[in-house]
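Here is the naming used below: chain letters follow the sequence lines, and residue numbers restart at 1 for every chain.
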Amino acid sequence: MGRGHRVGHPAYGELAVRAIALVDCNNFYVSCERLFQPRLEGRPVVVLSNNDGCVVSRSAEAKQIGVGMGVPWFQLKALARQHDIVALSSNYALYADISARVMRLLAAFSPRQEVYSIDECFLELDGMAAQPDLSGYGQRMRASVKQCVGIPVCVGIAPSKTLAKLANHIAKKEADCNGVCDLDAMPRAAQQARFAALGAGEVWGVGARIAARLQGMGIDSVLDLQTAPATVIRAAFGVVLARTLAELNGVACIGLEPEPHERQQIVCSRSFGTTVGDLAQLEQAVIAYTVRAAEKLRRQQSLAGVLLVSLCTNPHRPGAPQYQPQIRVPLESPCADSRVLCRAALSGLQVIFRHGFGYRKAGITLAGIIPRAARPRTLFDDAAAQAKSERLMQAVDAINRRMGSGTVSLLGEGIHQRWAMQRGYLSGGFTTRWDELAEVR
DNA sequence: CTATAACTCTCAA
DNA sequence: CTAACGTTGAGAGTTATAG
């Protein structure tokens, strides 16, 4: 397992990388909120999902009290009163802005960075001959992010992404790591002890389903999985878990992907702030979602060939009649014009809508996505109309980029969006809006 | 029957 | 006052369908 002493693994294509760091922000959303609201320091704080539904981020104090991840907020009201928990609505504009600052700083620590999610990134540390002490290097990352942005992070370092994830987990849990864990610098016995104490479900790529099936086979811990026979895992679970197993044994076969690739499908779906029964309201929502999805589509210079519309009643009310229709609307030709996509979405909605249901959620998906440059030509192309459509959409996008999204939109989204989501505990746009900076105390 | 499309399952943050 | 429970994207594997 030592760096540079591994045997190749031709079946899964070993990649020539010897050290990867995973940098993960601690309690990211809560940490972002605390940057601008010092009163939250030392207190139990949670950030809630859309519609103030479930807990999606918890401060250390909230975890200590026993606030679980993903718990519905209404179930926590009693505990919250008892311990004076502060609950905040998600403020994605703020988190995205802070994330960009963190990622830009970390990029300076490696020639190759993969921004994996809003709060974590992989850094390739291979060939860093000038950095023989990788733990020290990780400490410098932590200090830099803490000082320049104010966000606490932990660093896991290992020969594969999967092991780096585990190293990060150890760095977060064990105080004497000081937030950094270099797995290869750890004595073999110590590493085995950690892996024996960790459930297999902690491994990246092992969710609840697979963890349960593994347990049924007597594979409980990370160590059990690491030492399981590859043939058995391959046969029972497929190539995905077989790759994970190789990674657990130090064989890097999940590569770093510095460039985000274009989406193959673009989804915009959201629960409503309230139950909706009438078609007019659903039309507003579907148009709003389609416009947003179309913006994303154009940003990546693509066209969609198919649009899907879906509706959903409230599954948490089993007494109420349930209905989850979905429909595929093929477009005449691939397109990125919001007006055309909205017409398709509305026609789909017409077909699936039924009176007498309480709808809780609607969504649209753009699929059959191709690059704009690959637009198929037909005999009936109207080049002039095409150019006109593209110019209009470009103008709309340019205005919305400059003046803020939603400045120019299609009629039909509605002015009073009674279905819009609830965000009762929203903090200000501290970094994105001058007028809300005043809330900082 | 095969190639592809469509759908389902699983996972992650 | 009551009722209150996320979103987006990917990939693999399976099933349905077209030719």
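- Within residues 48-56 of chain A, no residue approaches DNA chain B, by heavy-atom distance under 4.0 Å.
- Side-chain N/O atoms of A:K361 include none lying less than 4.0 angstrom from OP1 or OP2 on C:dC5.
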Evaluation steps, salt bridge (charged side-chain N to carboxylate O under 4.0 Å, His left out), between A:D84 and A:R43 = CA-CA 8 Å; A:D84 204 14; A:R43 299 182 55 183; 3.3 Å; yes
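- Distance CZ (A:R292) to C1' (C:dG9): 15 Å, rounded to an integer number of Å.
- The aromatic rings of A:F122 and A:W204 sit tilted relative to each other, their planes meeting at an angle between 30° and 60°.
- The six-membered or imidazole ring of A:F272 lies away from that of A:Y359, with a centre-to-centre distance of 6.0 Å or more.
- Using a 3.5 Å distance cut-off with no hydrogens or angles, the side chains of A:S110 and A:E124 do not pair a donor with an acceptor.
- Remark: the separation of the P atoms in C:dC5 and B:dA13 is 25 Å, to the nearest Å.
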Polar atom pairs (N or O), protein with nucleotides 2-4 of chain C, under 3.5 Å:
{"from": "C:dA4", "atom 1": "OP1", "to": "A:R317", "atom 2": "NE", "distance (Å)": "3.3"}

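- Of the possible polar contacts, one joining the A:S49 side chain to the A:C54 backbone as a donor-acceptor pair under 3.5 Å is found.
- Remark: A:S271 is in phosphate contact with C:dT7, judged by side-chain N or O atoms under 4.0 Å from OP1 or OP2.
- Between A:W73 and A:E262, the residue anchored closer to the 5' end of DNA chain C is A:W73, taking for each the nucleotide with the nearest heavy atom.
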ask   = Stepwise, does the salt bridge (charged side-chain N to carboxylate O under 4.0 Å, His left out) test hold for A:E202 with A:R194?
value = CA-CA 12 Å; A:E202 298 293 341; A:R194 259 70 167 198; over 6 Å; no
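- Evaluation of the salt bridge (Lys or Arg N to Asp or Glu O under 4.0 Å) rule for A:D397 yields A:R298 as partners, not counting sequence neighbours.
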remark   = 5' to 3', nucleotides 11-19 of chain C under a 4.0 Å protein heavy-atom cut-off (B base, S sugar-phosphate only, - none) gives SSS------
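- Defined by atom type and a distance below 3.5 Å, a donor-acceptor pair is missing between the side-chain atoms of A:N314 and A:K361.
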query = How does protein contact run along nucleotides 6-13 of chain B, one letter per nucleotide 5' to 3', with B for base contact, S for sugar-phosphate only, - for none, heavy atoms under 4.0 Å?
reply = SS--SSSS
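- Rounded to an integer number of Å, the gap from CZ of A:F272 to C1' of C:dG6 is 14 Å.
- Secondary-structure annotation of DNA chain C gives the stems B:1-13 with C:7-19, with a stem taken as at least 3 successive Watson-Crick or G-U pairs whose two distances both fall under 3.5 Å.
- Here the side chain of A:E247 pairs a donor or acceptor atom with the backbone of A:K161 at under 3.5 angstrom.
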